[in-house]
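Data block below; observations after.
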Number of protein chains: 2
Amino acid sequence: MGDIEVAVSTVIFALRPDRCARGTALWLPLVRRIKEPYAGRWALPGGPVRRDEDVEQAARRTLLETTALAPKYLEQLYTFGQVERAAEPVPGPRVISVVYWALVRPEEAEHGIEDENVGWHLADAPPGLAFDHATIVRYALWRLRTKMEYSRVAQAFLGDTFTLAQLREVYEVVLERTLDPANFRRQMESSGAVEPTGDYLVGGRHRPPRLYRHRETRDLADNGPLTRRQDVVGSRPTSTNPTPTNPTSGSRQTP
Amino acid sequence: MGDIEVAVSTVIFALRPDRCARGTALWLPLVRRIKEPYAGRWALPGGPVRRDEDVEQAARRTLLETTALAPKYLEQLYTFGQVERAAEPVPGPRVISVVYWALVRPEEAEHGIEDENVGWHLADAPPGLAFDHATIVRYALWRLRTKMEYSRVAQAFLGDTFTLAQLREVYEVVLERTLDPANFRRQMESSGAVEPTGDYLVGGRHRPPRLYRHRETRDLADNGPLTRRQDVVGSRPTSTNPTPTNPTSGSRQTP
DNA sequence: CTAATAGTGTCTTTAAGACAGTATTGA
DNA sequence: TCAATACTGTCTTAAAGACACTATTAG
C-alpha cells in the first residue's frame, strides 16, 4: 500500500528580455534529466517528497537545489495521479506528482543557476519535454492567463515598486495583447490593487512616471479559505488532514 | 521513500429539501469513522489509493463503496500534504490526501446509502469532523460558490431538463441570495449555456414553464487544457507524467 | 374572477473600451 | 524646438440590476 511514490514538480514563470520580437517574453527554467527515463531530455524541476517534509516544502527544496530559485509566489497547480504515468519508455515505479506553479521577479530570476543542465526556455514553445511535462506547462500557462484576468498575480512578476507601464507590460506579455494605457490606469486605480508611493522613477528618457506599490490587503497567492490559516471561529489551529483511512460503512440498512 | 501513503477524499454536494427555513439547502454525505484516529466522528468518504488505479478512479471507487454514489461531476480540489496531518490524537503514518469535489443530482442523491454510519448533513454547518475535514469542506464550499459565478456548474445539480426557476433556485441556494427572475433569464439565454427543449413542464399549479436542456458546448467540469485530453498538435496521446526523479543538476558553471 | 408563477420591456447605473487631448521630461 | 511617454477627459457600447408590466395556467 505504501508502494506509491510521491514527487513534486514546479512550473516557474518569469518575464525576461527576449532577443527577437518584442522586448520581453515569458520564460521558464528547465533541468536536463540525467537518469534513465527520458535521460538527456528537459524536464520540470522537482523530485521525490521526503517522509518528514510538507509537500510544499518539498517543492521549495527541490527548486532551490536544482535551480537555486526561491520564489515568493508558489501555489499548488494540480496532482497527476494516473497509473500509466511512468510507463513511457520503461515501466517504472508508480509515481504520483503534486505539481506547483511559481512566479519570480526579474531580480530573483537572475540569481538562478544557468548551465548546460539548467536553462531558461520560452514558455510558449518549450523543447521536447520528458513525460507529459508539455501538458503540464500548457496547463500552468492556462492557469496563469486565467488568473491574470481576475486577480493581482501580475504583481508577483515585479519588485516592490513599479510603474503602471511596467505592470501593464506584464499583462500584455502574458495575455499576448496590447492594453489601452488610459483604461488600464483607471482599472488599476479603481480596483485598489496598487497605491502610489509618492515617488517618481527618474532616469528615464522622458516624463518620469509615478511609482506604485502593491496594496497587500490580501495575500497574492490566494487559495480561497486555505490562506486564512488559523480560524478564530472554529476550533484548533487547522492542521491539514490525513483523510479517513477506509471507513467501510459498517451496518447499512439502519434507519 | 515509498514510505508515504496516498489517500483520496471527496466532498459531495447535493441540493435536497430542508425541513426548516426555505425549501431547499446544500447537503453533503458524511461517513462515520470506525477505526481509531477519530473513531466515531464524521468524516469525508474516501480511502487509500491502490497501486493499480488512477487517483481519480480511487475517488470514484471509494465513493461507490461507502455511499453508493456515482457522481457525473467530479473534479480535483486540492492535495493536502502537510507532515503533521495525522498527528492529532495518535501520531499515525504519513498520509497525503488528494481531495476531490463532486456534485450530484437529486435523483442520484436518492440512490445513496443512508444509515447510522452514512448520512447527509447541512454543508453550512457540518457536525464536528475528523482530521481537518472541516477546513476542506469550507474550501470546497468556497470553490463551489466561486465557480458558480463564472461557469455552468449549477447545471450539474439538475437533471437533463429543467425550468429556469429550478436553475435559478440552484444559484439562490448556493450563493445564499435571491436573484431577479427577469435578469436571470436574460443572462442564461444570452450566455448560451442552456437551450429550450420546446416542451413545457405541465402539472404545476400555474402557468407551465418552458423546459430547457444543457448546451454541451464544452464539458461541465472544465479543468482548462486538462480536459482536452489528446492533443492533435503535439506528440503522443498525453500520459500523465511521473515527474523527474531528482535531476541533481550535474556540472554547473558551464556557459 | 383570483392567486400564483412565467415571461417581456424598459429605465438606470456601472464598467469597459476607443480615442482625442494635455503634461512633462531629455536631448 | 521635437520625440516620446505620462496622464486626463469624454464619448460609445455593453452588461447588470431594479422594477413595472403582460401572459397563462389552476381552481
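Order of the sequence lines fixes the chain letters, A, B, ..., with proteins taken first and strands second; residue numbering starts at 1 for each chain.
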Just to confirm, is there a sub-4.0 Å distance from OP1 or OP2 of dA23(D) to any side-chain nitrogen or oxygen of R207(B)?
no

With a 4.0 Å heavy-atom cut-off, tell me which residues in residues 198-206 of chain B come close to DNA chain D, sorted by residue number.
G204(B), R205(B), H206(B)

Spacing of [atom1] belonging to [X] relative to [atom2] belonging to [Y], to within rounding of 0.5 Å:
X: T178(B); Y: F184(B); atom1: OG1; atom2: CZ; result: 12.5 Å
X: M188(A); Y: L164(A); atom1: CE; atom2: CG; result: 8.0 Å
X: L15(A); Y: L158(A); atom1: CG; atom2: CG; result: 7.5 Å
X: Y73(A); Y: Q155(A); atom1: OH; atom2: CD; result: 11.5 Å
X: L211(A); Y: T161(A); atom1: CG; atom2: OG1; result: 4.5 Å
X: L179(B); Y: E169(B); atom1: CG; atom2: CD; result: 11.5 Å

Using whole Å, what does the distance between atom [atom2] of nucleotide [N] and atom [atom1] of [X] come to?
X: L211(B); N: dT5(C); atom1: CG; atom2: P; value: 17 Å
X: E172(A); N: dG17(C); atom1: CD; atom2: P; value: 13 Å
X: Y171(A); N: dG17(C); atom1: OH; atom2: P; value: 13 Å
X: E169(B); N: dT5(C); atom1: CD; atom2: P; value: 12 Å
X: F162(B); N: dA6(C); atom1: CZ; atom2: P; value: 14 Å
X: M188(B); N: dG7(C); atom1: CE; atom2: C1'; value: 16 Å
X: R185(B); N: dA6(C); atom1: CZ; atom2: P; value: 8 Å

Could you write out each protein N or O paired with an N or O of nucleotides 11-17 of chain D at a distance under 3.5 Å?
from: dG17(D); atom 1: N7; to: N183(B); atom 2: OD1; distance (Å): 3.3

Using the six-membered ring wherever Trp is involved, compare the ring planes of F162(A) and H214(A) and label them parallel, tilted or perpendicular (cut-offs 30° and 60°).
tilted

How are the rings of F80(A) and Y139(A) set relative to one another: parallel (under 30°), tilted (30 to 60°) or perpendicular (over 60°)?
perpendicular

Residue among V170(B), V11(B), L74(B), L144(B) satisfying side chain to side chain contact (heavy atoms under 4.5 Å, CB included) with L103(B)
L144(B)

Between the two ends of the helix from dC1(C)-dG27(D) to dA27(C)-dT1(D), what is the bend in degrees, rounded to 10 degrees, where each end axis spans five pairs?
0°

Answer yes or no: is there an ion pair linking D124(B) with R145(B), defined by an N-O contact shorter than 4.0 Å?
yes

Does the pair E189(A)/R210(A) count as a salt bridge with the N-to-O cut at 4.0 Å?
no

Starting from the 5' end of DNA chain C, give me the residue, R210(B) or A182(A), whose nearest nucleotide shows up first.
R210(B)

